[in-house]
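Beneath this line is the structure, given in structure tokens, with notes to follow.
Bear in mind that the values here come from a model prediction, so they are computed numbers and not experimental data. Per chain, numbering begins at 1; letters A, B, ... match sequence-line order.
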Amino acid sequence: MGEEVEESIDGLRQSFRTGRTRSVAWRKSQLGSIVRLVSENEEKIFSALYQDLGKHPVECYRDELGVVLKSAAYALRNLDKWVAPKKGNLPLLFFPARGQVIPEPLGVVLVISSWNFPISLALDPVIGAISAGNAVVLKPSELAPACSAFLAEHVPLYLDTKAVKVVEGGVDMGERLLRQRWDKIFFTGGPKGGQIVMSAAARYLTPVTLELGGKCPTILDTLSDAYDVKIMVKRIAGGKWGPCCGQACIGVDYILVERKFSATLIELLRRTIKKFYGENPQSSKSICRIVNRDHFERLKSMLKDPAVADSIKFGGSMDEEILFIEPTILLDPPLDSELMMSEIFGPLLPIITVDNIQESIEFINSRPKPLAIYAFTKNEAFKQRIIKETSSGSITFNDVMVQFVCDELPFGGVGQSGFGRYHGKYSFDTFSHEKAVMRRGFFPELEPRYPPWNDFKLRFIRLAYRFNYLGLLLLMLLSRR
Amino acid sequence: MGSDATAIFDAEAAQTMMKELRAVYGSGATKSYDWRVSQLSQLLKLIEYHEDDIAAALRSDLSKPDIESYVYEIGVLKSSIKLALKELRKWMSPEKVKTSLISFPSSAKIVPEPLGIVLIISAWNYPFLLSLDPLVGAIAAGNAAVLKPSEISPVSSALIAKLVREYMDSSTIRVVEGAVAETSVLLEQKWDKICYTGNAVVGRIVMAAAAKHLTPVLLELGGKCPAVVDLNINLQVACRRIIMGKWGSNNGQTCVSPDYIITTKANAPKLIDALKTELEKFYGKNMLESNDLSRIVNSNHFARLIKLLDEDKVSGKVVYGGKRDESILKIMPTILLDVPRNSLIMKEEIFGPLLPILTVDRLEDSFNIINSGTKPLAAYLFTNDKRFREHFVTEVSAGGLVVNDTTIHLGVLTLPFGGVGDSGMGSYHGKFSFDAFSHKKAVLYRGFVADADIRYPPYTRKKLRLLQALLGGSFLTIILALFGRN
């Protein structure tokens, strides 16, 4: 590889300096190219995702291609609005003057994406970077090699190679890239990776957005309507095992429910799992695989803990050959187990019981802030309590995962789940610098601004700070300076 | 409690303090509107009742003229607090958000919430403003906070500690005084946000420390803020405004002071004459004795500036000033002409009363000079040429730009104040302060209306086609329409 990487980045910087990426026409054409890249290569993408994760085309479309198409379309629709300067209202004191906030690109940005949604989590930030007028280097995850190769091969065929590059590689390449100077780094991954990225960024004072994860809890309040309960269970099951077999940063990690409901819940989940995946989930084409051996071992060892194994109520079987772990439900595993201390990122679903569902708030608050909190409840007061008393990237009531596709909502974490946000206009903003611009004329001049200082000028300034225009007028009239 | 000047602030003291703050914050004490309003009101009282003490402290630490103390510290602070008090309810209220067809039926809002416990480390040049203004944002957003004022302005630091202890809720707002050791101990703790105002060297250290805990940071750094001066302008007014931004702002020791000037070769002599004239009008003939100019903060910085001034290739370029008096830490306003680009004075942020003027053949050449350096916190342009002005605004990247004036954008609370690149990250002032110390939480409400089964397994090709039709169809029409229009 040699100096290729450094030269590449230099080349991007030169390109950026020419102003190539700043024109709105360029940005729109690139966004259009992303749309074509995805729509013209659906089968190839399906195939790569199947190879890397065993994803079914419905999941591929719903969670990856559809997301990219939606984001690109949204950006195209709104770009003209986003690039327009925003007016800043100025106090009369500064009249005549004009204040504006003008968004400008940061320069050359680095997007590091993760393996679980290797297409959408790579291209979605790239859409933001391009809309904001930056040059981009994309480093897809090496743990999803087929998708990484797809991007490396096809991005140069569709996008402007002078301004958008894909660099493949593993930890070494990641370190190499992080040693360079960037104008922004956008990272999706785990907290350890986040620390490494931010520490590297500190050397150059590079701003970062970290999209991390966390244990996303799902609170289940008592619902009186059986129909609602059915919907709830379907949504939870769909949100747990549907996206990448539980390997999702906003996936349902664990459930909190009142003890009296747990048996019913488990039974309903069991039935739903059967409906989704049949009698033999191992042969179902509708559920993903664990991404690789390391993660498989990680999940396996969570279940090895005897106290944890004892709490398994359903599932638990695995097949190392095909990296399959079946949907598994556990009831009240020990809270200090690995399963309950770290983000599961897999198809194991612990159910934690409480006496009163209100206790779930303390339970959540005694743990690091997650990327999302889910709560199924019709109790408006409880909803308010959750909003006011917990902290998380986001909260979704009576559904799961769906906040991900709302372009009007900022998507990002807080605390251990990260900082910064994107989606919709937030993607544009996260890759922009909002430059404050103030324009004045040479007239009028306010003499009290200038030394030598005296009491009159001090009085003037005091009044000016209170925007007390009447007082100022009186002072001027009375003083006849 | 608060800050006991005699006790050592070590790791243990820091951990105890963090535990105490977390316990109180966890009880929800800082979240209520009433608490925030009461603290902001107390802060306003603190300033209003102690204006004279504040001015005296600034005189002691910096020989700052009273009017500068009033304009830049007290006045701006009071405006900031009053704005927060006036707007707080609005800032705190959730923002309703439109939701799209994809999540129908649903409703959504964005709810601001405090981050938790924030650390505010401030610089010595505006010790009250740079510690208490971020505090206004932190309190408005409902956080607990620890201030670490600069030890290089010790009288101000002690006064801040005393007044905060006296007026503010010490179970949630503390001051830790000290130097490197205490700052290091503070940086080892886990904060929910760190706001640092100072230089890039320490900025890197702060960010690296924050990285260990994944703590977001607001870094207000500096840079070499250029002022480009065109022909055919009201030169007198331009010079007065440049002088105020430079020597009228803590004698050049300000992150947004015009650091150096770029003008055309033809224009330089007139500019220098105008600067000299206005300087003498403002400060008299004996500038080292003027009480209207701050002194250099300490002997370290004095020596640093002398080194810049006396460098071989630079000392001969002085066209005005140059006189200095080490005993009173004063250097008179000094103008230099065409110092070499590779001189020390052109490599680092001057932060003092030395003003180099670089000349170019065409003013457009100034863009290259500016863009070849790191992005500054501010850039200034004096011109009546509309086209050149717009070109400048587009081409020059800086935290903020002002046309035909200097530094006043700091007083405009509707504009975000912050840097880009080496001049920092994040911004504050006005509502941006509230935002800087908040987490904007997305809240989505859904109902139990039946779902399309295509969302759920078992997945089939039929579901795929339906999904594509639902989602893909609408995109295609949009794309076709857009490209058709273009």
Side-chain angles (χ1 to χ4, degrees), chain A residues 32 35 56-58 61-62 66 69 73 76 88-90 99 101 104 191 194-195 198-199 202-203 205 207 228 231 238 276-277 286 387 391 394-399 402-403 405-410 414 416 419 433-442 445 449-453 458 461 465, chain B residues 65 67 70-71 75 79 97-100 102-103 108 111 113 200 203-204 207-208 211-212 214 216 234 237 240 244 282 292 393 397 400-405 409 412 414-416 420 422 425 439-446 448 455-459 463-464 467-468 471 475 478-479 482-483:
Chain A
V35 171
H56 186 281
V58 169
Y61 200 86
R62 187 194 68 201
L69 290 173
L76 275 164
N89 287 322
L90 301 184
V101 177
E104 57 176 35
Q195 282 171 336
M198 191 172 170
S199 302
R203 284 176 53 226
L205 292 169
D228 293 344
I231 300 260
F276 284 177
Y277 305 114
S286 296
I387 294 174
S391 181
S394 66
I395 301 179
T396 298
F397 289 110
N398 300 328
D399 207 339
V402 116
Q403 73 276 22
V405 291
C406 288
D407 282 314
E408 312 286 342
L409 287 174
V414 65
Q416 294 297 106
F419 57 81
H433 165 54
E434 307 216 305
K435 185 165 72 180
V437 179
M438 196 168 161
R439 290 177 176 73
R440 295 204 74 200
F442 289 94
E445 265 289 76
R449 252 185 95 175
Y450 306 109
W453 304 128
L458 182 57
I461 287 171
Y465 265 99
Chain B
I67 218 172
Y70 196 81
V71 171
S79 288
V97 152
K98 230 178 45 179
T99 52
S100 60
I102 291 180
S103 59
V111 177
E113 57 178 34
R204 289 186 175 85
M207 190 171 169
K212 298 210 177 74
L214 295 169
N234 185 330
V237 171
R240 298 168 100 191
M244 284 317 291
F282 288 179
D292 288 340
V393 166
S397 181
L401 299 180
V402 183
V403 179
N404 296 334
D405 212 326
H409 58 308
V412 178
T414 47
L415 291 175
V420 63
D422 280 33
M425 56 184 79
H439 166 54
K440 301 294 184 75
K441 183 162 73 179
V443 179
L444 180 63
Y445 296 88
R446 291 264 293 155
F448 289 94
R455 250 180 89 168
Y456 300 110
Y459 300 135
K463 283 187 180 176
L464 175 65
L467 207 67
Q468 283 168 320
L471 301 174
F475 299 139
I478 291 164
I479 302 303
L482 277 164
F483 283 111

Tell me, side chain or backbone of [X] under 4.5 Å from chain A's heavy atoms, or both, or neither?
| X | value |
| --- | --- |
| B:Val393 | both |
| B:Pro65 | side chain |
| B:Val402 | both |
| B:Asn234 | both |
| B:Met207 | both |
| B:Ser79 | side chain |

> Considering residues at least two apart in sequence or located in another chain, which fulfil the side-chain contact (heavy atoms from CB on, under 4.5 Å) criterion with B:Glu113?
Replying inline: A:Ser391, B:His439, B:Lys441

> Can you name the residues that form a side-chain contact (heavy atoms from CB on, under 4.5 Å) with A:Glu445, not counting sequence neighbours?
Replying inline: A:Glu447, A:Tyr450, B:Val237, B:Arg240, B:Arg241

Can you tell me how far apart [atom1] ([X]) and [atom2] ([Y]) are? Round to the nearest 0.5 Å.
| X | Y | atom1 | atom2 | answer |
| --- | --- | --- | --- | --- |
| B:Leu444 | A:Cys406 | CG | SG | 5.0 Å |
| A:Leu458 | B:Ile67 | CG | CD1 | 5.0 Å |
| B:Tyr459 | A:Tyr61 | OH | OH | 15.5 Å |
| B:Leu401 | A:Met438 | CG | CE | 12.5 Å |

>> Just so I understand: if I count every heavy-atom pair under 4.5 Å between each of A:Gly99, A:Pro207, A:Gly88, A:Gly194 and chain B, which residue has the most?
In response: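 Heavy-atom pairs under 4.5 Å are most numerous for A:Pro207.
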
>> I'd like to verify something: which residue of A:Asn89, A:Leu90, A:Asn398, A:Val101 has the highest number of heavy-atom pairs under 4.5 Å with chain B?
In response: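 If we count pairs closer than 4.5 Å to chain B, A:Asn398 comes out on top.
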
Side chain, backbone, both or neither: which part of [X] has a heavy atom under 4.5 Å from chain B?
| X | result |
| --- | --- |
| A:Tyr277 | side chain |
| A:Phe419 | side chain |
| A:Gln403 | both |

>> Quick check on the interface: out of B:Lys463, B:His409, B:Lys440, B:Lys98, who has the most heavy-atom pairs with chain A under 4.5 Å?
In response: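 Of B:Lys463, B:His409, B:Lys440, B:Lys98, B:Lys98 has the most heavy-atom pairs under 4.5 Å with chain A.
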
> If you count heavy-atom pairs under 4.5 Å between each of B:Gly400, B:Pro216, B:Ala208, B:Ala200 and chain A, which one has the most?
Replying inline: B:Pro216

> Ion pair present between B:Asp405 and A:Arg439, side-chain N to carboxylate O less than 4.0 angstrom?
Replying inline: no

>> Any side-chain to backbone donor/acceptor pair from B:Asn404 onto A:Arg440? Under 3.5 Å, distance only.
In response: yes

> Side chain of B:Arg446, backbone of A:Asp399: donor and acceptor closer than 3.5 Å?
Replying inline: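 A pair under 3.5 Å: no.
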
